[in-house]
Amino acid sequence: MEKTLELFSQIFMDLLEDEKTKSVSSYIPSSELFNTLDLSLAKAPMSEVDFEKVIRELVFATTRTATSGFFNQLFGGRNEKAILGDLLAVMLNNSMYTYKAAGAQIGVEATVLRNVCDIIGWDENSGGTFAAGGSMTNFMSMLMARDRVVSDARNVGLSDKLTVYTSEVSHYSIPKNAAFCGIGRDNVRYVKADKFGKLRLDSLQKLIEEDLVNGFKPTLLNLTAGTTVLGAFDSIKDFIDICKKHNIWVHLDGAYCGSVLFSEKYKHLIDGVELVDSFSFNAHKMIGTPLSCSLILVRDKVHLYDSFSNDASYLYQTDHDDFNLGKTSLQCGRRNDALKFWTLWRSVGTIGLEAIIDVQFNLADVAREYIRNNSDYTLYSYDDSISICFNYKDISPVALCTLLYEHSTLLVGYGSHENVEFIRFVTINAQNNPQDILNFFATLEQFVEENVALFPSLKDQITG
Ligand SMILES: *Cc1c(COP(=O)(O)O)cnc(C)c1O
């Protein structure tokens, strides 16, 4: 084991060194992957020397998500205190279903969940759990909503026609989950969003009324804190009354930006979070822990037990339910995702988590200011968001993002809103500083300048 750990730290030190000068790994077309790297598996073992060589090649060829060249998704960076926790979790290799199997680690998970509930402002009836990702925590919310409306669904299945409501710009896991839990994709109602990407109450009212007339049972409203493209926040308080009136479960999908909870300055963006039935967020997005670290919190934990507990005499043999976390989880065997959040939180304090959030909004302000002061750019997104949506010199965002990727220059993605396509730049890596943000734009501009021939529309503009 000692030798293996040494190898790990050698390879990783070398990668860290390489990342200093090379923020994007060399592009390998997917069609060339298996010709470029030998990933084959063989009957015979490999010599240690060859094994090390292959591992190195693989590590160096892998997409770099921790550098200031990666803005492609809603995560990035490398938080060392959280990494320590995750490395320890791998080495300790517990499964979080029972106190017997995870011991003190159960206390870690319980402590994180209790503290988050306290910050939300919920009492001791509240609770939560960790799941494998934001799609899964959204799934759990839908199951709890279903089981509250049709209390015997978990035993006899569904015969009622249930409907769920979500924004037309919400995450694609909602229709998937509706399929998984027997509600059906066709019974997802897409509520209109306004130009800021926020859910519209009038549209929701109309849809609910139509469904009631047609004999459907409205079951769940999924709100979003940080929509996937614009990073918009639905106004929670506007929707509580109508949901109370119709006994609709309110879930807040905060996978992307729910972590504003930790910032005094930005938690107003989720004003009313204490009024929802369930709230989920990904600490692996804004908080910056390694993937995955997804929490779901419920105002009344009885719903977690109602939907997820199962007797299993071979598993639950000792200790109280509060220590046997398998009673409230989706999975059976479950990796320890709480520890990396705990090591980070313990080390930097709640104030440190707040700073991580605030940095991202500051970086977003830097990016928006740069764009607003430069007439070659058009801005499509709004303040109070860490998604900055823009176009540069009328260049097709799809072409630009793809060329930047294929030339191993920058990783950034595109999106669209109200039929306009744009680059979506995300300032989620809190290890970046304002200069990294300005460097992004400088790199992009330089790339375009040096590759004018690749952009037909631009060539026309210049020569025409
Ligand atoms: C990322 C995201 C999800 C999905 O989370 P995963 O952990 O990737 O499954 C759900 N909702 C929103 C708004 C997201 O941004």
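In each ligand, atom 1 is the first atom listed, and ligand 1 is the first ligand listed. Residue indices begin at 1 and follow the sequence shown. All values below come from the heavy atoms of this structure, side chains included, with hydrogens, waters and symmetry mates left out.
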Exercise. Thinking salt bridges, do Lys206 and Asp202 make one under a 4.0 Å N-O criterion?
Worked result: no

Exercise. So does Arg189 pair up with Glu168, basic N to acidic O under 4.0 Å?
Worked result: no

Problem set entry | Contact check: Ser173 vs ligand 1, nitrogen or oxygen atoms, below 3.5 angstrom | no

Exercise. Any N/O of Asn282 closer than 3.5 Å to an N/O of ligand 1?
Worked result: yes

For this session: List every atom of ligand 1 that sits less than 4.0 Å from any heavy atom of Gly226, numbering the atoms from 1 in the order shown and giving each element.
Result: 13 (C)

Exercise. Would you call Asp241-Lys244 a salt bridge at under 4.0 Å N-O?
Worked result: no

Exercise. Can a salt bridge be assigned to the pair Glu264 and Lys267 using a cut-off of 4.0 Å between side-chain N and carboxylate O?
Worked result: yes

Exercise. Which bit of Met136 is near ligand 1, meaning a heavy atom under 4.0 Å away: side chain, backbone, both or neither?
Worked result: neither

Seminar exercise, completed: Quick note on ligand 1: atoms under 4.0 Å from a heavy atom of Lys285 include exactly 1 (C), 2 (C), 3 (C), 5 (O), 14 (C), 15 (O)

For this session: Just need the protein heavy atom nearest to atom 6 (P) of ligand 1, so name the residue and atom and give the distance.
Result: Gly134 N, 3.2 Å

For this session: Give a yes/no on ligand 1: does Ser292 have at least one heavy atom closer than 4.0 angstrom to it?
Result: no

Exercise. Ion pair present between Lys198 and Asp384, side-chain N to carboxylate O less than 4.0 angstrom?
Worked result: no

Exercise. So is Thr224 polar-close to ligand 1, meaning N/O to N/O under 3.5 Å?
Worked result: no

Exercise. Which bit of Leu74 is near ligand 1, meaning a heavy atom under 4.0 Å away: side chain, backbone, both or neither?
Worked result: side chain

Exercise. Of all the atoms in ligand 1, which lie at a distance below 4.0 Å from a heavy atom belonging to Ser135?
Worked result: 4 (C), 5 (O), 6 (P), 9 (O)

Exercise. Is the shortest N/O to N/O distance between Gly133 and ligand 1 below 3.5 Å?
Worked result: no

For this session: Decide, yes or no, whether a salt bridge links Asp86 with Lys81 under the criterion of side-chain N to carboxylate O below 4.0 Å.
Result: no

